[in-house]
Amino acid sequence: MSHTREEHLWIPESDLEGMSVDTLSVRAGQIRTGQLEHSDAIFPTSSFVYGSAAQAAARFGGEEEGNIYSRFTNPTVQAFEGRIAAMEGGEKAVATASGMAAILSTCMSLLKTGDHVVCSRGVFGTTNVLFQKYMARFGVETTFVSLTGVDEWQAAIRPETRMLFIETPSNPLCEVADVEALAGLAHGNDALLVVDNCFCTPILQRPLELGADLVIHSATKYLDGQGRCIGGVVVGPAKYLDEIYGFIRSAGPTMSPFNAWVFQKGLETLPIRMRAHCDNALELAKWLETQPSVEKVFYAGLESHPQHELAKKQQSGFGGMVSFMVKGGREQAWRFIDGTRMISITANLGDVKTTITHPATTTHGRLAPDDKTKAGITENLIRLSVGIEAIDDLKTDLARGFQALED
């Protein structure tokens with residue numbers, strides 16, 4: 001029995017003009033082959049072949065578009081880039097090997113010796129180290145300020161400032177930045193505003209629409225959603241992304257085709273997962289506020305949160321991250337964490353499985369004591385990445401932590 005491709009059949013591309021982000025998460029960016037597959041194809045290949053030596057020369061010389069080498073051209077990676085760009089409302093996206101690779105690639109592409117960065121204190125601990133230690137070696141100085149104090153940002157800006165970098169909501173205290181205000185400040189001083197949108201994803205927040213120049217994700221987190229792969233992505237205008245793409249091509253912090261395919265599958269369920277995360281997190285945050293052993297709860301969905309109204313204005317949901325302080329110090333925080341029996345003790349976040357960690361000794365453990373204090377990373381702080389398990393089961397397991405404190 002012979003088998004032939006039905007390449008004579010023409011399947012038009014989906015018309016996604018004006019479609020919602022929920023639809024884009026399922027449909028955007030697909031690159032369908034001659035096999036007319038319905039699901040996204042995966043291309044686990046290092047290189048690509050050509051019909052002739054002349055065609056190979058044209059591809060390498062930039063005279064003909066097409067795939068060359070998977071360090072910088074791979075259809076599966078391009079499909080993921082197209083989908084997340086559409087969801088964020090960006091012109092282009094470049095995928096990287098990790099979230100930190102996305103930040104590094106952005107800095108190495110758009111900054112130079114003598115430039116200055118203003119960064120919020122409440123960023124992921126390794127982001128802090130990247131700016132403070134490694135970018136400083138290349139002559140890029142960074143000033144850290146309060147995420148929410150716009151006056152501090154204004155005071156920190158210098159003539160050589162070229163980038164403002166924020167996470168909003170912040171990790172792990174869930175502070176919320178006024179993106180529009182900081183975008184205006186950046187653009188008024190010939191600088192770029194770069195927003196790490198990891199906690200909200202494009203389902204809950206679209207920073208480019210609020211004036212940001214670039215959006216960064218650790219795709220490892222909510223975009224995957226099931227703790228399977230490591231990856232990152234930068235989204236924004238082509239004039240910046242072309243520079244970042246050039247760095248990726250030369251330096252090689254590239255996303256693998258397999259990981260890109262996994263992230264594509266994750267994006268398909270991102271809208272429904274984010275709403276489930278939000279529902280569980282809000283109920284848990286309210287419940288935690290009622291517990292006598294809890295000193296303070298950090299979650300923008302609570303009316304007690306200082307940026308609650310701002311979060312309502314620029315986000316369509318409050319996310320799945322909740323942090324809280326237990327009464328006491330490190331001993332009490334560790335005792336609480338060890339008292340749980342279902343929730344995973346791990347520093348990863350954005351998983352459908354709820355995770356718990358002690359930021360002061362894990363995600364932010366590399367910070368100097370003074371930097372921890374300034375960032376609000378106390379010894380009694382616990383971070384929850386709230387998953388989509390049954391809410392009553394989550395309360396039951398957290399109650400074991402409270403029982404451990406009493407015992």
If you round to the nearest 0.5 Å, how far is [atom2] of [Y] from [atom1] of [X]?
X      : Y      : atom1 : atom2 : answer
Leu214 : Phe165 : CG    : CZ    : 10.0 Å
Glu160 : Arg162 : CD    : CZ    : 8.0 Å
Glu295 : Leu288 : CD    : CG    : 13.5 Å
Thr355 : Asn348 : OG1   : CG    : 6.5 Å
Ser25  : Leu267 : OG    : CG    : 7.0 Å
Cys200 : Arg206 : SG    : CZ    : 13.0 Å

Can you name the residues that form a salt bridge (Lys or Arg N to Asp or Glu O under 4.0 Å) with Asp371, not counting sequence neighbours?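 Result, salt bridge (Lys or Arg N to Asp or Glu O under 4.0 Å) vs Asp371: none returned.
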Quick one: salt bridge (Lys or Arg N to Asp or Glu O under 4.0 Å) partners of Lys296, sequence neighbours excluded?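 Checked Lys296 against salt bridge (Lys or Arg N to Asp or Glu O under 4.0 Å); zero matches.
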Is the backbone of [Y] close enough, under 3.5 Å, to the side chain of [X] for a donor and an acceptor to pair up by distance?
X      : Y      : answer
Thr254 : Arg71  : yes
Gln154 : Val150 : no
Asp338 : Thr340 : no
Arg27  : Asp15  : no
Asn197 : Gln205 : yes
Ser170 : Thr168 : no
Ser316 : Ile203 : yes
Asp196 : Ile166 : no
Thr362 : Thr357 : no
Glu152 : Gly149 : no

Heavy-atom count around [X] [atom1] within 6.0 Å, excluding the residue itself: above 12?
X      : atom1 : answer
Glu379 : CD    : yes
Glu37  : CD    : yes
Lys312 : NZ    : no

Do the side chains of [Y] and [X] get nearer than 4.5 Å, heavy atoms only?
X      : Y      : result
Lys327 : Asn380 : no
Arg275 : Asp22  : yes
Gln314 : Pro207 : no
Ile84  : Phe263 : no
Lys92  : Pro237 : no
Asp40  : Lys265 : yes
Thr106 : Met163 : yes
Gln78  : Ile31  : yes

Please report the shortest heavy-atom distance between [X] and [Y], naming the atom on each side.
X      : Y      : answer
Asn67  : Tyr50  : O-CE2, 3.7 Å
Leu381 : His358 : O-CD2, 3.4 Å
Gly339 : Ala404 : CA-CB, 4.1 Å
Thr45  : Ser70  : O-OG, 2.6 Å
Val176 : Ala300 : CG2-CB, 3.9 Å
Ala375 : Leu173 : O-CD1, 3.3 Å

Lys313 with Glu309: basic N within carboxylate O range, under 4.0 Å: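 Between Glu309 and Lys313 there is no salt bridge, as every charged N stays at least 4.0 Å from the carboxylate O atoms.
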Walk me through whether Cys198 and Glu167 qualify under side chain to side chain contact (heavy atoms under 4.5 Å, CB included). CA-CA 8 Å; Cys198 178; Glu167 290 179 16; over 6 Å; no
With salt bridge (Lys or Arg N to Asp or Glu O under 4.0 Å) as the test, would you mind laying out the steps for Arg341 and Asp397 before giving the verdict? CA-CA 6 Å; Arg341 289 291 176 268; Asp397 203 40; over 6 Å; no
For residues 117-144, which side-chain N or O atoms pair as donor and acceptor with protein atoms under 3.5 Å away, sequence neighbours left out?
from   : atom 1 : to     : atom 2 : distance (Å)
Glu141 : OE1    : Arg158 : NH1    : 3.2
Glu141 : OE2    : Arg158 : NH2    : 3.1
Thr143 : OG1    : His116 : NE2    : 2.8

Quick one, Leu241 with Glu91, criterion side chain to side chain contact (heavy atoms under 4.5 Å, CB included). Give me CA distance, side-chain angles, the key distance, then yes/no. CA-CA 9 Å; Leu241 271 296; Glu91 189 176 359; over 6 Å; no
What verdict does the salt bridge (Lys or Arg N to Asp or Glu O under 4.0 Å) test give for Arg83 and Glu268, after you've listed the backbone C-alpha separation in whole Å, the side-chain angles of each residue and the deciding distance to 0.1 Å? CA-CA 10 Å; Arg83 184 168 297 175; Glu268 291 178 354; 3.7 Å; yes
Start with the C-alpha distance between Leu349 and Thr346, add both sets of side-chain angles, then the distance that settles side chain to side chain contact (heavy atoms under 4.5 Å, CB included), and finish with yes or no. CA-CA 8 Å; Leu349 61 90; Thr346 180; over 6 Å; no
Partners passing ring-ring contact (aromatic ring centres under 6.0 Å, His included) against His187 (at least two apart in sequence or in another chain):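 None.
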Side-chain atoms of residues 215-236: list all donor-acceptor pairs with protein atoms under 3.5 Å, sequence neighbours left out, distances to 0.1 Å.
from   : atom 1 : to     : atom 2 : distance (Å)
His217 : NE2    : Glu88  : OE2    : 2.7
Ser218 : OG     : Thr220 : OG1    : 3.4
Ser218 : OG     : Lys221 : NZ     : 2.9
Thr220 : OG1    : Gly231 : N      : 3.0
Thr220 : OG1    : Gly231 : O      : 3.3
Asp224 : OD1    : Arg228 : NE     : 2.8
Asp224 : OD1    : Arg228 : NH2    : 2.7
Asp224 : OD2    : Arg228 : N      : 2.7
Asp224 : OD2    : Cys229 : N      : 3.2

Sequence neighbours left out, what pairs pass ring-ring contact (aromatic ring centres under 6.0 Å, His included) with at least one residue falling in residues 282-328?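 Checked against ring-ring contact (aromatic ring centres under 6.0 Å, His included) - neighbours excluded - the pairs reaching residues 282-328 are Trp287-Phe402, His308-Phe318, Phe324-Phe336.
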Salt bridge (Lys or Arg N to Asp or Glu O under 4.0 Å) between Lys286 and Glu283: does it pass, once the steps are laid out? CA-CA 5 Å; Lys286 291 179 177 178; Glu283 184 159 346; over 6 Å; no
Could you walk me through whether Leu193 and Val195 pass the side chain to side chain contact (heavy atoms under 4.5 Å, CB included) check? CA-CA 6 Å; Leu193 176 63; Val195 178; 4.0 Å; yes
